[in-house]
Amino acid sequence: MKFIVLNGSPKGPVSVTMQYIHFLQKRFPEHNFEMFHVAQRIRKIENDENTFREIIEKIKNADAVVWAFPLYVYLVHAHYKRFIELIFERNAAESFANKYTVIFTTSIKFYDITAHSYIHAVCDDLNMKVAGAYTADMPDLTKDKERKRFTLFVEHVFQVIDGKQPVQPQYSPLNWRKFAYKPADVEKPVSTRKKRIVLVSDAKAEDINLNGMIQRFQASFAEDIKVINLHELSIKGSCRGCLKCGYNFECFYDGKDDYRQFWEEELETADIIVIAGTIRDRYLSSLWKCFFDRRFFHTHTPRLMGKQIVYLISGPLSQIPNLRMILEAYMELEMANVVGFISDEFGDSQDIDSLISNRTADAVHFSVEKYIRPETFLGVAARKLFRDEVYGRLRMVFQADYREYKKLGLFDFPQKKIRLRMLNGITGILLKIPIIRKFFQGFMKQGMIMSHQRILKKLYPEE
Ligand SMILES: Cc1cc2nc3c(=O)[nH]c(=O)nc-3n(C[C@H](O)[C@H](O)[C@H](O)COP(=O)(O)O)c2cc1C
């Protein structure tokens with residue numbers, strides 16, 4: 001069979017992900033795997049229509065397509081995202097229709113689920129048949145057991161394709177609402193209360209609703225707020241994956257474009273940040289993705305602590321829970337507070353006006369009160385994963401993270417808690433005795449609320 005491999009690594013052939021494809025070439029010489037380094041060569045693909053068409057022609061004539069990519073900031077790399085946008089912009093979707101496909105990623109398993117969900121939804125939008133999806137941890141290829149597992153997976157994929165087995169889509173097509181938002185004049189603008197507010201967008205002139213939402217948001221304040229359009233910044237490219245940042249947060253692009261200065265001088269000094277964008281395929285634009293990728297110069301260390309975040313989104317956000325999850329998780333990991341999402345999906349213009357006014361007031365209030373909502377699983381689980389990774393196998397490369405994590409007290413391993421360890425040790429022994437275990441289990445429900453009841457009694461002794 002003939003497979004076209006679309007490589008999503010910005011490092012091109014010098015990529016961990018591509019080593020798995022080399023393995024397949026050697027392990028299954030009867031099949032053909034042709035690679036296209038689309039993320040690395042995106043400028044050429046974008047600027048030279050022939051290069052793009054060559055790839056599409058190969059896809060047309062192939063038995064299957066392999067989406068092979070590294071995880072980049074909850075998703076695919078910005079350049080891979082751009083390639084996906086080009087497929088739709090240049091009406092090339094038909095060449096993918098009814099074709100079998102395989103999704104393959106390498107990562108450290110940090111939100112591999114959101115990247116898989118994204119690309120699977122894109123495949124469904126392209127009417128492709130997903131024959132299988134595989135998420136490899138970076139070094140899996142070096143382990144016998146993992147190579148066996150991967151081989152079994154690939155053999156199964158061959159069977160599905162060879163047998164022309166049926167495959168069900170997982171995601172319904174998106175339904176875009178036809179609605180023109182017309183913001184009214186703001187009657188009572190609120191005070192910023194000396195809070196620094198920065199609104200960042202990628203709005204183009206044709207993004208009518210997004211521009212309306214931005215205008216309304218801006219007008220909701222009695223004082224000026226800063227509005228920045230990403231199109232007006234010099235951003236030379238997305239993250240190259242070179243990891244120069246690992247040692248001391250230096251970036252290859254430092255001094256070459258505006259990104260670091262913009263991040264440090266505008267965003268890190270803001271109290272309230274508004275992120276405004278229009279949905280493109282199943283995410284925001286590739287420009288927004290480039291913005292999020294480039295933030296990686298601060299690697300895994302939170303940099304927006306205590307800030308209030310408002311998302312203004314034009315497009316069917318409620319139909320893409322995956323996108324909402326990414327945007328929430330991103331800010332939980334930054335230790336910022338998501339005040340809310342406002343989209344143009346529901347209600348009339350007046351409803352949206354009112355939403356914007358209310359969220360505006362909330363953002364200022366929360367900022368004054370320093371309110372950060374409790375973290376959900378999205379942030380808690382992610383932080384534990386990074387804690388272990390930065391302490392362990394990532395430390396060598398990400399030394400700046402290690403130093404910052406120590407400073408921020410993020411190495412909060414349970415084994416450091418001596419009292420808890422002693423208690424666990426003692427109860428572990430005592431509960432081996434059936435009579436004590438019986439008493440303990442009978443006391444379980446009451447035991448779980450004992451400390452809560454004690455504090456309520458202390459706070460409200462008279463009741
Ligand atoms: C900027 C950047 C962002 C990354 N984001 C993620 C991520 O969100 N989740 C994850 O599990 N790994 C992430 N990684 C790790 C890569 O996915 C992993 O190292 C991958 O194997 C690299 O593959 P490649 O050599 O083919 O590019 C990231 C790496 C870089 C450099």
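Counting starts at 1 for both ligands and their atoms, in listed order. Heavy-atom basis, side chains included; hydrogens, waters and symmetry copies ignored.
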For atom 22 (C) of ligand 1, what's the nearest protein heavy atom and its distance?
P70 CB, 3.5 Å

Top protein contact for atom 9 (N) of ligand 1, by heavy-atom distance
F110 O, 2.8 Å

Judged on heavy-atom distance to [atom], which of [options] sits nearest?
atom	options	value
atom 31 (C) of ligand 1	Y72, F386, F292	Y72
atom 18 (C) of ligand 1	M138, R240, M18	M138
atom 4 (C) of ligand 1	N7, L71, T114, D137	L71
atom 3 (C) of ligand 1	T106, T105, V73, I21	V73

The residue among E85, H79, H77 that forms side chain to side chain donor-acceptor pair (under 3.5 Å) with S286 is E85

Answer yes when E46 and R90 have at least one side-chain N-carboxylate O distance shorter than 4.0 Å, and no when they do not.
no

As an exercise, identify every atom of ligand 1 less than 4.0 angstrom from a heavy atom of [X].
X	answer
K11	24 (P), 25 (O), 27 (O)
K109	11 (O)
C239	1 (C)
V16	21 (O), 23 (O), 24 (P), 25 (O), 26 (O)

Cation-pi check, R395 to Y391: give yes when NZ or CZ is under 6.0 Å from the six-membered ring centre and within 45° of the ring axis, no otherwise.
yes

Distance to the ring centre below 6.0 angstrom and angle to the axis at most 45 degrees; does that hold for R403 and Y247?
yes

Out of curiosity, is L243 lining ligand 1, as in a heavy atom under 4.0 Å away?
yes

Does I108 come within less than 4.0 Å of ligand 1, judged by its heavy atoms?
yes

Should we count NZ of K256 as having more than 12 external heavy atoms under 6.0 Å?
yes

Have a look at ligand 1 and work out which part of Y74, if any, has a heavy atom under 4.0 Å from it: side chain, backbone, both or neither.
backbone

Among D344, L199, I208, side-chain contact (heavy atoms from CB on, under 4.5 Å) partner for M213
D344

Going by the side-chain contact (heavy atoms from CB on, under 4.5 Å) test, name the single residue among E49, K44, R43 that passes it with N47.
R43

Would you check, one step at a time, whether the test side chain to side chain contact (heavy atoms under 4.5 Å, CB included) holds for L355 with F346?
CA-CA 11 Å; L355 270 171; F346 305 110; over 6 Å; no

Would Y111 count as a polar contact of ligand 1, with the cut-off being nitrogen or oxygen pairs under 3.5 Å?
no

Passing option when Y20 is tested against Y134, F69, F104, F33 for ring pair (Phe, Tyr, Trp, His ring centres under 6.0 Å):
F104

